[in-house]
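Please read the structure below before turning to the comments.
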Amino acid sequence: MDHYEDQGISLADIWDKLWANKYLILIITSIITLVFGISSYYLLKGSQVTETGFEYNFMGVTQNQYPDGSLFEFRNLLSYDKLLSVQSSSDLFADIDVEAMYLDNNTRIVRQKNVNSTASDVEYSNNRYTLYIPNQYFNYDFNVAESFIMTLIESIIEEAREKNQDLEIFNYIDLINDSVEYFDMVDYFSSQYHLVIDSISNFISIYGDVTFQGTNITNMKELLQFEYANGYSFSDLQTIIRTNLYYRNSTLYLNRLNVKIDALQETVELNSLRIAELEATYNNLVTTSNLQQANQILIDIVTYRIANVDANYQISLYQEVIDQALASGMTSNTSPEFELSINNMQQLIDDYTDQYNNFYLSYINQDTRVVYDLGSVLTINGGYSIIVTGVVSGILGLFISLVVVFIKESETNKKALKEN
């Protein structure tokens, strides 16, 4: 206390001076708090940027591809057309200026670094990204920002799911119509059956023995094989067709048989040319005592000759069927039992094709998704809340008001000393 008294003023005097100017302090503090606080809030608010970290999961994404193999360019997420498309998807986004958003340098998307990246060896992920959009374009409305950003990011997932549809296996059964003959139908059955079996085997090799939505992929394959094994085989059906001269339309039937014969004869002629060339090469190799290569050429010659024997046998069978069909003079020929076998086989293959496609698409669609970092769609960086800016402004206002009071009192004291 003595120290302050030596200086000509005590703490009590300071308090008395402050209390005497309490209204001035209050007025100055309030004015500065309001003016500085509000202006600072809106000035800093303009620098706010929404930040969204997320990860895409769909087939091919780590190779920068969509599931169908087409190019996936993550920067296209912020293309003008994409932003405009999202804006037009909801009336909630009607007031968003997507052109200004697109042109703003603070609107950007970047790849996130991999976990194992170091300062000297930086690696970036091919499916984890961070999206930045200035908050002003959402009019600082958190709900609008969240909805727009989710719609934008997940539009890529919708595209990926659409492209998943292209991964369905082809269905040869769809090619069957009234102009398709029985032996062609059986060829389609065989092609489709093996396609389904091979596709299931490939699925298991990639994903394992999966059970999804109550269906086990291995059981599906075994059931198809069991049902096929307990009916007519494809070769049995072809034999029945050939033996009984079953056909749907004699004209179409004969035309198709002639097409098959022409194709086989073309194969025979081509193989014969290859055999002649190989025989000439073989004789030259034997003459030069190059026996090792000569033996390989001989194996190829035998292979082509066997193929021609088989083709000529098939030609004779088709020709025999044509002769019998012409002799019968009938426009069609079938039986109820045979029709039932054909229809059952067609239904069996068609059902399992649909079952596998539904299983496969459902399985990969559930894994075609977006995962947000820490489960949060977005955070808002930059700027401060009105409470924070208010407190800072209040402290500044109080400091300035105290300075003003001390200056005022100092001037008053100087004036009093002069008068004395």
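Note that this is a predicted model, so its numbers are computed, not measured. These numbers come from the heavy atoms of this one structure, side chains and all, not from hydrogens, waters or symmetry mates. For reference, positions follow the sequence shown, starting with 1.
- For residues 366-377, the set of pairs meeting the salt bridge (charged side-chain N to carboxylate O under 4.0 Å, His left out) definition, not counting sequence neighbours, comprises D367-R369.
- Taking OH of Y182 as the start and CZ of F189 as the end, the distance is 10.5 Å to the nearest 0.5 Å.
- Checked against side chain to side chain donor-acceptor pair (under 3.5 Å), S179 has the following partners two or more places apart in sequence or in another chain: N177.
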Output side-chain donor-acceptor pairs under 3.5 Å for residues 98-106, partner residues at least two apart or in another chain, one line each.
unit_1 : atom_1 : unit_2 : atom_2 : d
D104   : OD1    : N106   : N      : 2.8
D104   : OD2    : Y137   : OH     : 2.6

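- Residues satisfying the side chain to side chain donor-acceptor pair (under 3.5 Å) test with E227, not counting sequence neighbours, are Y352.
- The list of salt bridge (charged side-chain N to carboxylate O under 4.0 Å, His left out) pairs with a residue in residues 269-295, not counting sequence neighbours, reads E279-R305.
- In this structure, the side-chain contact (heavy atoms from CB on, under 4.5 Å) partners of N244, at least two apart in sequence or on a different chain, are I240, Y246.
- Applying the salt bridge (charged side-chain N to carboxylate O under 4.0 Å, His left out) definition to pairs two or more places apart or across chains, none involves residues 199-216.
- Under the salt bridge (charged side-chain N to carboxylate O under 4.0 Å, His left out) criterion, the residue pairs touching residues 66-78 are D68-K163, E73-R75, with sequence neighbours excluded.
- The aromatic rings of Y253 and F183 sit tilted, their planes meeting at an angle between 30° and 60°.
- Residues that satisfy the ring-ring contact (aromatic ring centres under 6.0 Å, His included) test with Y66, not counting sequence neighbours, are F58, F72.
- Within the structure, side-chain hydrogen bond (donor to acceptor under 3.5 Å, both in side chains) pairs that include any residue of residues 76-89 comprise K82-S155, K82-E159 (at least two apart or interchain).
- Residues that satisfy the side chain to side chain donor-acceptor pair (under 3.5 Å) test with T353, not counting sequence neighbours, are Q192.
- For Y207 and Y363, the distance between ring centers is under 6.0 angstrom.
- In this structure S191 satisfies the side chain to side chain donor-acceptor pair (under 3.5 Å) test with no other residue, sequence neighbours excluded.
- Ring orientation note: the planes of F54 and Y56 are nearly perpendicular, at an angle over 60° on the 30°/60° scale.
- Between F138 and F93, the ring center distance fails the sub-6.0 Å criterion.
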